[in-house]
Colleague: 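First the structure, which I've put down as structure tokens, then a few questions once you've had a look.
Chain letters run A, B, ... following the sequence lines, proteins first, then strands; residues in each count from 1.
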Amino acid sequence: MAQESITPRSKDYAQWYQDVIAAGELAEPALVVKGCMVIRPHGYAVWEKMQADLDRRFKATGHQNAYFPLLIPLSFLAKEAQHVEGFAMEVGVVTHTGLRAVDGKLVVKNELEEPYVIRPTSETIIGHFFAKWIDSWRDLPVLINQWANIMRWELRTRMFLRTSEFLWQEGHTAHATHGEAREEVLRMLDVYRDFAQDMMAMPVIRGVKTASERFAGALETFCIEAMMQDGRALQAGTSHDLGQNFGKAFNVTFQNQAGVREHVWQTSWGMSTRLIGALIMTHSDDGGLVLPPKLAPIHVAIVPIYKSDEEKARVLAVADRVAAELRDDGLVVKVDDREELKPGAKYYEWEKKGVPVRLEIGPRDVDQGVVMAKLRIAPLDANGKPQKLALKLEGLGAEIGRLLDGFQKFLYQRALELRRANTVQVENWQDFQAVFAGENNSKFVWAHWDGTSETEAEIKAATKATIRCIPLDGEGPAPEAGVCVKTGKPSARRVLFSKNY
RNA sequence: CGGGGCGUGGCUCAGCCUGGUAGAGCGCUGCGUUCGGGACGCAGAGGUCGGAGGUUCAAAUCCUCUCGCCCCGACCA
């Protein structure tokens with residue numbers, strides 16, 4: 001049987017990743033639009049779950065949603081020197097409007113006086129409007145979030161992880177003091193950390209980026225870094241202390257209580273559809289997508305099993321009743337009553353789509369007043385087969401709830417254990433190189449670094465590993481002095497090295 | 001932007017070397033039998049072989065140009 005097959009992770013991790021996305025019907029390359037993707041309904045449903053929860057967290061921390069234009073005057077981008085430098089190479093530029101037919105072909109018609117760039121991020125245009133809105137210390141803080149699409153003309157793309165267009169949220173805030181802005185930056189970093197751990201079941205490390213990894217235009221960039229199954233790091237969220245850089249560039253000022261005009265202190269922070277890639281590479285397996293229950297668009301798939309019409313009627317009646325009961329508990333339930341597929345084929349399909357719990361209901365179960373439940377990742381039974389649980393119909397909702405809750409915790413613990421098992425402390429250059437030797441080898445390495453960009457670049461050139469972050473207090477090993485793994489110069493604390501996505 | 005690979009029904013590909021007018025598997029449609037871990041039979045639909053030009057009696061096949069996609073590198077959430 002030539003089934004839709006998923007390349008095993010052990011054979012080709014990159015291919016596996018693409019196969020999981022295809023088999024799970026999450027997305028597909030747009031092809032007709034270079035570097036872009038189509039997020040299919042199942043993938044978009046995951047994004048909607050993420051959005052809903054993040055949005056709730058943003059509102060709970062006092063932010064309001066707003067929307068700014070997709071197109072940004074070219075001159076805006078040039079107002080902050082670091083910022084232009086960072087994005088110049090990857091912005092799409094709109095230079096014309098209108099079309100006309102020439103020799104049967106459509107060609108552009110009117111050239112714009114000033115071209116627009118398609119937003120690669122919105123600091124500049126939001127800075128412009130902040131300048132209009134902010135005049136007094138009484139106007140501060142301004143706490144805005146925008147859900148938007150972004151375009152960065154990427155040379156090489158990977159679905160969800162890096163596409164030319166992607167979806168994200170970008171928070172933009174303005175404050176009266178650097179202290180307040182800094183609090184905001186760290187507050188939102190913690191919101192991201194909590195979201196990653198509680199909703200995505202993905203452990204993360206909070207830290208600060210080095211100068212070379214910093215957001216273009218920021219004073220400092222904070223991040224959360226997660227480990228993927230292949231030992232590489234993935235930046236799952238960033239929170240920037242923009243200082244007064246954009247305030248000065250866009251003349252965003254306010255009069256303080258002493259009547260003195262000052263530039264505001266700004267922050268920005270973002271998470272994107274890249275998180276779906278993170279989700280895939282954190283939990284999924286050779287059988288396809290694995291979703292934590294809290295982000296699963298479908299919690300329970302019910303597969304009825306029957307031969308005769310009489311059995312079908314009995315089984316479906318129970319299936320529908322069970323579905324209705326579970327829906328009352330707030331779960332999303334799919335009763336798969338398709339005639340053209342055998343039960344086994346349905347099992348594989350729902351597994352590939354990452355549905356956490358499958359219920360099988362057949363005539364024998366109906367007679368006994370039970371349903372057979374199987375978790376997406378189940379312990380093996382005595383025969384080496386994935387365990388199925390016979391659950392009584394009464395109290396089923398509560399039991400399923402416990403299963404889902406346990407599964408969410410299991411995924412987090414498993415991811416944490418994977419990270420623990422692939423995290424090492426390295427003391428010398430030989431060992432450091434050995435960890436990253438070979439194209440596909442990566443771990444999290446805590447090592448000392450002398451703090452210079454030169455050394456960082458040398459390490460990257462030699463091993464492809466980069467400094468993912470300088471950990472915040474409480475993350476990683478306790479600070480202790482040492483010597484740089486590459487140069488032997490003094491170092492105050494270890495930093496996190498890894499290859500990354 | 002450099003290196004490599006590939007464009008043939010919806011998908012994966014064979015055919016190309018050695019020109020003769022297009023095939024397989026999967027998928028799809030219909031009917032019947034099936035149904036507790038990827039069902040089977042029968043009957044069907046579906047392709048100007050990425051595009052343009054050239055060679056030739058004749059081009060998916062040979063030549064030239066072009067476009068696109070994928071993989072690897074440099075850059076990046």
Colleague: Could you state the NZ-C1' distance from A:Lys312 to B:C35, rounded to the nearest angstrom?
Modeller: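 Taking NZ of A:Lys312 and C1' of B:C35, I get 12 Å after rounding.
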Colleague: For A:Arg338, is there any backbone N or O sitting under 3.5 Å from a side-chain donor or acceptor partner on A:Lys346?
Modeller: yes
Colleague: Please confirm whether A:Trp47 and A:Phe160 have ring centers closer than 6.0 angstrom.
Modeller: no
Colleague: Please give the nucleotide sitting opposite B:C1 as a Watson-Crick or G-U wobble pair, both distances under 3.5 Å, or none.
Modeller: B:G73
Colleague: Within 45 degrees of the ring normal and closer than 6.0 Å to the centroid, is that where the cationic atom of A:Arg119 sits relative to A:Phe68?
Modeller: no
Colleague: For B:G53, which nucleotide in any strand shown is its Watson-Crick or wobble partner with both distances under 3.5 Å?
Modeller: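 B:C63 - that is the nucleotide pairing with B:G53, both distances being under 3.5 Å.
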Colleague: Describe, in one word, how the ring planes of A:Phe407 and A:Phe410 are oriented to each other, choosing from parallel (under 30°), tilted (30 to 60°) and perpendicular (over 60°).
Modeller: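 If you compare the ring of A:Phe407 with that of A:Phe410, the planes turn out parallel.
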Colleague: Give the rounded distance in Å between these two atoms: NZ of A:Lys307 and C1' of B:A39.
Modeller: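 Atom-to-atom, A:Lys307 to B:A39, this comes out as 13 Å.
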Colleague: Sugar-phosphate atoms are those with a prime plus P, OP1 and OP2; base atoms are the rest. Using that split, label each nucleotide of nucleotides 66-72 of chain B B, S or - for protein heavy atoms under 4.0 Å, 5' to 3'.
Modeller: ---S-SS
Colleague: Side chains of A:Ser268 and A:His172: any donor to acceptor distance under 3.5 Å?
Modeller: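 Result is no, nothing qualifies.
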Colleague: Work out how far the P atom of B:G46 is from that of B:C40, and round it to whole angstrom.
Modeller: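 Comparing P positions in B:G46 and B:C40 gives a spacing of 26 Å.
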Colleague: By the 4.0 Å heavy-atom rule, please label A:Leu234 as base, sugar-phosphate, or nothing.
Modeller: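 The residue A:Leu234 makes no contact with any strand.
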Colleague: Which one, B:A77, B:G38, B:G36, comes nearest to the side chain of A:Ala345?
Modeller: B:G38
Colleague: Figure out the CZ/P separation between A:Arg364 and B:C35, and round it to whole Å.
Modeller: 13 Å
Colleague: What integer number of Å spans the C1' atoms of B:A59 and B:C49?
Modeller: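 Approximately 11 Å lies between the C1' atom of B:A59 and that of B:C49.
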Colleague: Which value, in whole Å, describes the distance between the P atoms of nucleotides B:C11 and B:G7?
Modeller: 14 Å
Colleague: Using atom P in both nucleotides, what's the gap between B:G50 and B:G10 to the nearest angstrom?
Modeller: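 One P to the other, the span is 13 Å.
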Colleague: Looking at A:Glu351 and B:G37, is any side-chain donor or acceptor paired with a base atom of the opposite kind under 3.5 Å?
Modeller: yes
Colleague: For B:A39 versus B:G27, give the span between their P atoms, rounded off to a whole number of Å.
Modeller: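 So the two P atoms sit 10 Å from each other.
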Colleague: Taking the C1' atom of each, how far is B:G19 from B:C63, in whole Å?
Modeller: 13 Å
Colleague: Both A:Asn500 and A:Leu341 contact RNA chain B. Which one's nearest nucleotide lies toward the 5' end?
Modeller: A:Leu341
Colleague: Tell me what A:Phe166 touches on the nucleic acid: a base, only sugar-phosphate, or nothing, going by heavy atoms under 4.0 Å.
Modeller: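 Here A:Phe166 touches the bases of the nucleic acid.
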Colleague: Checking A:Glu456 side chain against A:Ser212 main chain: does a donor-acceptor pair fall under 3.5 Å?
Modeller: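 No: the side chain of A:Glu456 does not pair with the backbone of A:Ser212.
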Colleague: Can you check the distance between B:C26 and B:A22, where both ends of the measurement are the P atom (answer in whole Å)?
Modeller: 23 Å
Colleague: Assign A:Pro386 to base, sugar-phosphate, or nothing according to its heavy-atom contacts below 4.0 angstrom with the strands shown.
Modeller: nothing
Colleague: Return the value, rounded to whole Å, for the distance between atom CD of A:Glu154 and atom C1' of B:A74.
Modeller: 13 Å
Colleague: From C-beta outward on A:Tyr348, which listed nucleotide comes closest to its side chain: B:G37, B:A77, B:G36?
Modeller: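 Of the options given, the side chain of A:Tyr348 lies nearest B:G37.
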Colleague: I'd like to know if A:Lys388 reaches the base of B:G37 with its side chain, counting only an N/O donor and acceptor under 3.5 Å.
Modeller: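 Looking at the base of B:G37, it does pair with a donor or acceptor on the side chain of A:Lys388 (distance under 3.5 Å).
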Colleague: Starting from C1' on B:G36, measure out to NZ on A:Lys342 and report it in whole angstrom.
Modeller: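 Answer to the nearest Å: 10 Å.
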Colleague: Would a line drawn from the ring center of A:Phe432 to the ring center of A:Phe497 be shorter than 6.0 Å?
Modeller: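 Distance test on ring centres: under 6.0 Å, yes.
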Colleague: Take atom CD1 of A:Ile6 and atom C1' of B:U12, then tell me their distance rounded to the nearest Å.
Modeller: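 Value for this atom pair: 16 Å.
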Colleague: May I ask which nucleotide in the shown strands pairs with B:A43, Watson-Crick or G-U wobble, both distances under 3.5 Å?
Modeller: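 Across any shown strand, B:A43 pairs with B:U29.
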Colleague: Assess, by modelled atom type and distance only, whether the side chains of A:Arg468 and A:Thr466 contain a donor and an acceptor separated by less than 3.5 Å.
Modeller: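 There is such a pair (donor and acceptor under 3.5 Å, judged by atom type) between the side chains of A:Arg468 and A:Thr466.
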Colleague: If the P atom of B:G54 is compared with that of B:C71, how far apart are they to the nearest Å?
Modeller: 36 Å
Colleague: Counting Watson-Crick and G-U wobble pairs only, both distances under 3.5 Å, name the nucleotide matched with B:C6, or none.
Modeller: B:G68
Colleague: Under a 3.5 Å threshold, yes or no: a donor from one side chain and an acceptor from the other, between A:Asp230 and A:Asn440?
Modeller: no
Colleague: State, with a plain yes or no, whether a side-chain heavy atom of A:Thr163 is found less than 4.5 Å away from one of A:Cys36.
Modeller: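 Contact flag for A:Thr163/A:Cys36 side chains = no.
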Colleague: Could you give the CD-to-P distance, from A:Glu349 to B:G27, as a whole number of Å?
Modeller: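 Rounding to the nearest Å, CD of A:Glu349 and P of B:G27 are 13 Å apart.
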Colleague: Please determine, for B:G23, whether a Watson-Crick or G-U wobble partner exists with both distances under 3.5 Å, and give it or none.
Modeller: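 The base-pairing partner of B:G23, which may sit in any strand shown, is B:C13.
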Colleague: With both distances under 3.5 angstrom, what nucleotide forms a Watson-Crick or G-U wobble pair with B:U18?
Modeller: none
Colleague: Whole angstrom is fine here: how far is it from OH in A:Tyr306 over to P in B:C35?
Modeller: 12 Å
Colleague: Using a heavy-atom cut-off of under 4.0 Å over every strand shown, decide if A:Arg338 touches base, sugar-phosphate, or nothing.
Modeller: nothing
